Amino acid sequence: MDTVQITLPDGATREVPRGTTPAEVARNISHGLAREALVARADGELVDLSRPIERDTSLAILTAKDPDALQVFRHSAAHLLAAAVLELFPGVKLGIGPPIDYGFFYEFLREQPFTPEDLELIEKKMHELAAQNVPNERKLMPKAEAVEFYRNANQTFKCELVEEKATEPMVSFYTTGKFIDFCLGPHIPSTGKIKAFKLMNVSGAYWKGQESNPQMQRIYGACFFTKEELDEYLHRLEEAKRRDHRRLGTELDLFSIQDEAGPGLIFWHPKGGLVRKVMEDWLRDELLRRGYDLVYTPHIMRLDLWKTSGHTNFYRDNMFGAVEVEKADYQLKPMNCPGHILIYKSRLRSYRELPVRLAELGTVYRYERSGVLHGLLRVRGFTQDDAHIFCMPSQIEAEVEACVDFAFAVMKTFGFSRYQVELSDWDASHPDTYAGSAEDWQRATGALSTTLDRMGVPYKRMEGEAAFYGPKIDVKLIDAIGRPWQLTTVQFDFNLPGRFGLEYVGEDGGRHQPLMVHRALWGSVERFFGILIEHYAGAFPLWLAPVQVAILPVSGKFSEYAAQVSAELKAAGVRVYLDDRNEKLQAKIRDSEMQKIPYMAVVGGKEAEAHTVSVRHHGKGDLGPRPLAQFLTDLSTETAARTDL
Ligand SMILES: [Zn+2]
Ligand SMILES: [Zn+2]
């Protein structure tokens, strides 16, 4: 008999008749596997379970546990969506329908917009088709015939896709019942398992992303293997909405973005400004304690400087246009590095001074397209918590360790407990596309990895992901609802020291070039503030809260004692709001809760007599009466601990 050899992931081999399918192999292994199987990986390539095996192959049967299988599953759900739409709206033209990180989309050209009611109908139809467990079948057609087929069906976009994408004489199609789609596949065997999905929204997208092309309607769906996963995703989405910093920014009166001033530019209102002050005070104190020097550099500098740094070349697209003054061009700064370099260069440095660590809360301006601007997270003007370290090669490891330690201090102080670290290395097969020598790269990458190993910090290595001028580590913090946020970067630079001719006098009396590291911990004050708002859902811990205590007199009769409490707290440095409006206590409590003020101090007759306050905590409710002096001590202990009690 004509057989082929299959090698399974555990190394076991099997002889099977040529033409055996992965589905049959799965069945031979176990009924359980056959039931769970979604798709196969043959010699590294994803294939249908029904694709005959024609040669010796290493084969894996993929189930829901495999992330690749999830993508295939979601792609099959996209086909199911298109099948349902075509049944309900036969005239639509089809675009593309790929999987995405939470599900899938399919795009359609249709005169009328899809309404929420349409989405409900479509979702119902999808469930109907899924329940029929319709097989997804692969068919081959000669290319010319495929083009002809789509031309007759008036599917112009599909015609275009076949003409562009089909590289073989035979073109693969997949059918799901009556629905047929030009598609490379693979797909799951049938629709029966697609149960946990929800159509989310419709948005416009130009065909192939080009504005001159017709605008398609993209229907997006969330899709998971199980209902539990889908529910968890939807819950997280709701949480994200509840925590949206743009909404909270207005409700808590923290900041605004004003069209009159321009998009992507942030106005810090008094309460946001107070949080910023507390954040910056902490940071500046830490910088000084950790051996940094604080500097300030101009917001606008000669364009020539940016030519020397190379920014006019590789960073041009992100820069505002130059401004002409007295026949010279000036540039609004997109980065702080050249400024710090000029301070380093302002006199000759000795090895004894190194490392030089220059830190600045440096405001920069970058041109971001209006379409990508997003609240505080993506803006055009922002303040980086930037620093540049100039050091000798022998000092690299200690500096990297200090940066990582600082990053962890930020994480702990601002209430994050989980993180991910990535180390981006160069692509060693193309050394000519990078600045710096192989030795530079090995030494720097070695310092980064040894330091992380020594500190017991797990990390992912990203080969070929580094910028052309040096390797880096990125730290992503995971917030209260599990979202990762890219914050800290420690980035080597083998480019700028050479471009600016930086030097120091070494122990040997000779001139040497220092190493340069760029590092930011928060990234930017704006972005980090946005992340904090979402992380805390606007309920800042006591030390960060713009108003720490609301004093709520039960009635106007006790305004004198309320004022006395307020004065005593203020004198002790507590940020206080005295709510002496002529309102019911319940209304005052409700408003303080809405403003997410950590503590409420209710004062009435009993309290005035005993020199106490009745303490309430945001979210925790009534904590009972407490002597005023005790309350003050408790507040200062909690503030100093900086933890979220
Ligand atoms: Zn497809
Ligand atoms: Zn820099």
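Counting starts at 1 for both ligands and their atoms, in listed order. Every value quoted in this text rests on a predicted model; they were computed, and no experiment measured them. Hydrogens, waters and symmetry mates play no part in the numbers below; they use all other heavy atoms, side chains included.
A side-chain contact (heavy atoms from CB on, under 4.5 Å) with V421 holds for exactly one of D474, L452, V404; it is L452.
Put simply, the side chain of M216 does not reach to within 4.5 Å of the side chain of K93, judged on heavy atoms.
Residue contacts to the Zn ion (ligand 1): H79 brings an N, O or S atom closer than 2.8 Å.
For H518, the N, O or S atom closest to the Zn ion (ligand 2) goes by the atom name ND1. Within H388, the N, O or S atom at minimum distance from the Zn ion (ligand 2) carries the name NE2.
Rounding to the nearest 0.5 Å places CD of E148 at 8.5 Å from SG of C159.
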Kindly indicate, with the supporting measurements, whether the criterion side chain to side chain contact (heavy atoms under 4.5 Å, CB included) is fulfilled by F179 and L94.
CA-CA 11 Å; F179 175 65; L94 303 168; 3.8 Å; yes

